Amino acid sequence: MISEKYHLDIGINTNCVEIEKLIFMIKNHWINRVIIGLDYFDGKISKNSPVGVSSKQILKNILRIKELGCDVSISSVYNDDLENKIKMLDWGIKNDVRIKILEIVKDEKEKSTSKDFLKMEKVLKEKFKLEYKKDEYNEVSGFKNGKKVVTYFHSHCRIRECDVCKQIH
């Protein structure tokens, strides 16, 4: 596989529904990092979709992946769902799984990150007593006891930061 032939760390984004296939790839060292998309912490369906599996099942799947020693994190879009993100971050801190919270991307042009997104960052900082640091791409991460537990990805598109965005990729 690519990871072995070229000595690369391979990561994938997934909804974590096909867990047995994912476990197979991890056990065979074909992938080293998994980012799980999770819209709802405690929904009947974990994603904003008419079909899928429960959030509870996805969280169990995440713990299975973690038990295999694979780097796993959760990626979730902030959609004015503060209580949902509080529950998600609380679970992430307790289970040593980093949460990545993305600002929703809409067809809009603004001068700054949305006020609601910034307010959510502040609420989580205070609630979980986090220390915040910015990286070279102007993204903010929250640390607890020296460990990165959350990263906020503001929309570079919304504020037309194409020069920053192209450097990320």
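Everything numeric in this text was worked out from a predicted model, so none of it was measured.
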Side-chain contact test, heavy atoms from C-beta onward, threshold under 4.5 Å: evaluate it for K147 versus D96 and give yes or no.
yes

Residue pair L102, S75: steps toward the side-chain contact (heavy atoms from CB on, under 4.5 Å) verdict
CA-CA 7 Å; L102 292 71; S75 179; 3.2 Å; yes

Run the numbers on L130 and V149 for side-chain contact (heavy atoms from CB on, under 4.5 Å), then give the verdict.
CA-CA 9 Å; L130 304 175; V149 297; 3.7 Å; yes

With no hydrogens and no angle check, is any side-chain donor or acceptor of D90 less than 3.5 Å from a backbone partner on I86?
no

Donor-acceptor pair, S76 side chain versus L38 backbone, under 3.5 Å?
yes

May I have the step-by-step check of side-chain contact (heavy atoms from CB on, under 4.5 Å) for I35 and K100, ending in yes or no?
CA-CA 9 Å; I35 301 168; K100 300 174 180 182; 3.6 Å; yes

Please report whether the ring centroid of Y132 lies less than 6.0 Å from that of Y152.
yes

On the ring face of F41, is K87 found with NZ or CZ under 6.0 Å from the centre and within 45° of the axis?
no

Mind checking the CG-CD spacing from D116 to E121? Nearest 0.5 Å is all I need.
12.0 Å

Using modelled atom types only, decide if a donor and an acceptor are shared between the side chain of T151 and the backbone of S141 within a distance under 3.5 Å.
no

Check L89, I74, I93 against V150 for a side-chain contact (heavy atoms from CB on, under 4.5 Å) and give me the one that passes.
L89

Test: salt bridge (charged side-chain N to carboxylate O under 4.0 Å, His left out). Region: residues 25-39. Which pairs qualify, not counting sequence neighbours?
D39-K47

Rounded to the nearest 0.5 Å, what's the gap from CD1 on I26 to CD1 on I19? Could you check?
6.5 Å

Would you find a donor on one side and an acceptor on the other, under 3.5 Å apart, between the side chain of D81 and the backbone of N79?
yes

CG of N84 to OH of Y40, rounded to nearest 0.5 Å, is 8.0 Å

Can you check side-chain contact (heavy atoms from CB on, under 4.5 Å) on V34 and T14, steps first, answer last?
CA-CA 7 Å; V34 178; T14 178; 3.6 Å; yes

In Å and rounded to the nearest 0.5 Å, what is the OH to CG distance from Y78 to D80?
5.0 Å

Is there a continuous path of hydrophobic side-chain contacts, each under 4.5 Å between heavy atoms, that joins F143 to F128?
no

Here the gap from E131 atom CD to K144 atom NZ, rounded to the nearest 0.5 Å, amounts to 11.5 Å

Do you reckon I45 sits in the same ILVMFWY cluster as W91, going by side-chain contacts under 4.5 Å, direct or chained?
no

When you measure from the side chain of N95 to the backbone N and O of V97, does any donor-acceptor pair fall under 3.5 Å?
no

Examine distances only and state if a side-chain atom of K85 and a backbone atom of L124 form a donor-acceptor pair shorter than 3.5 Å.
no

When you measure from the side chain of S54 to the backbone of K44, do you find a donor-acceptor pair of N or O atoms at a distance under 3.5 Å?
no

Show me, pair by pair, the donor-acceptor contacts under 3.5 angstrom made by side chains of residues 57-66, not counting sequence neighbours?
| from | atom 1 | to | atom 2 | distance (Å) |
| --- | --- | --- | --- | --- |
| Q57 | NE2 | N61 | OD1 | 2.9 |
| N61 | ND2 | C16 | O | 2.9 |
| R64 | NH1 | E20 | OE2 | 3.0 |
| R64 | NH2 | E20 | OE2 | 3.3 |

